[in-house]
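The structure appears below as structure tokens.
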Amino acid sequence: MITTADDRAAQGKGRLWLLPHGPKSAGIARRVARAALHGWGVASDAAVEPVLLVVSELVTNAVEHALPPVALRLEEADAGTVHLEVQDGGPSRTKGTWIAGCDEDEHGRGILIVDRIATAHGSRSGGHGTTVWADLPLTA
């Protein structure tokens, strides 16, 4: 039997959080992600910290470059991995508060970080916005 992401979420292996669209979003996302990982028995900082870094990067990108709402979804996937998704309301016509006030060389590395850490990542757009996703190992 093939198990889809929606099947895993329905079986209690996934969590979804709606986040505020603002400067505190990344911090909130890291806290709820850490709690979820610990709830799944992932206690090693060497396994947790890379996941939190990717969560932070993707949520920050959603706040800085997209419209609300912002949602974080985590799923404990098979084979010791976590699948995470950040959903947003689609591209914003204006720059976010942080990015508008910084120099060009002070931003733009988030997806490069995700590319180095994740085993796979991508995005998909739909009628209600964009979802950026990443799969990460849960082992040190």
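Atoms considered below: every heavy atom in the structure, side chains included; atoms not considered: hydrogens, waters and symmetry mates. Numbering starts at 1 and runs along the sequence shown.
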* **For the student: nearest non-hydrogen atoms of Leu136 and Pro50, plus distance** => CD2-O, 4.0 Å
* Asked: Side chains of Leu16 and Leu72: closer than 4.5 Å at any heavy-atom pair?
  -> no
* **Minimal non-hydrogen separation, Ala29 against Val59, with atom names** => CB-CG2, 3.7 Å
* **Under-4.0 Å salt bridge between Glu85 and Arg124** => yes
* **Check: Asp135/His121 side-chain N/O donor and acceptor closer than 3.5 Å** => no
* Any chance you could lay out the side chain to side chain contact (heavy atoms under 4.5 Å, CB included) test for Thr130 and Val86, step after step, and finish with the verdict? => CA-CA 8 Å; Thr130 303; Val86 175; over 6 Å; no
* Asked: Step by step, would you call Val70 with Ser25 a side chain to side chain contact (heavy atoms under 4.5 Å, CB included)?
  -> CA-CA 9 Å; Val70 176; Ser25 297; 5.5 Å; no
* Asked: Can you name the nearest heavy-atom pair linking Ala33 to Val55, along with the distance?
  -> CB-CG2, 4.2 Å
* To do: Specify the closest pair of heavy atoms between Trp17 and Ala36, including all atoms of both residues, with the distance to one decimal.
  => CH2-CB, 3.8 Å
* Going by atom types only, do Ser56 and Arg30 share a side-chain donor-acceptor pair under 3.5 Å? -> yes
* Asked: Roughly how far apart are Arg15 CZ and Arg73 CZ, rounded to 0.5 Å?
  -> 12.5 Å
* Asked: side-chain contact (heavy atoms from CB on, under 4.5 Å) with Ala35: which residues, sequence neighbours excluded?
  -> none
* **Leu138 and Val51, any side-chain heavy atoms less than 4.5 Å apart** => yes
* Near His128 NE2, under 6.0 Å, is it more than 12 heavy atoms from other residues, nucleotides or ligands? -> no
* **Pair Glu49 + Arg34: basic N to acidic O under 4.0 Å** => yes
* Report yes or no: do Leu53 and Leu37 belong to one cluster of Ile/Leu/Val/Met/Phe/Trp/Tyr joined by side chain heavy-atom distances under 4.5 Å? => yes
* Thr60 side chain to Glu57 backbone, donor-acceptor under 3.5 Å -> no
* Structure fact -> In terms of heavy-atom contacts, Val48 and Ala43 come closest through CG2-C, 4.5 Å
* Asked: Can you find a pair of side-chain heavy atoms, one from Ile28 and one from Pro20, that are under 4.5 Å apart?
  -> yes
* **Contacts of Ala66 that satisfy side-chain contact (heavy atoms from CB on, under 4.5 Å) - sequence neighbours left out** => Asp88
* Structure fact -> Correct closest heavy-atom pair for Ile117 and Pro137 would be O-CD, 4.2 Å
* To do: Find out whether Leu58 and Leu84 are in side-chain contact, i.e. whether some heavy atom of one side chain is under 4.5 Å from a heavy atom of the other.
  => yes
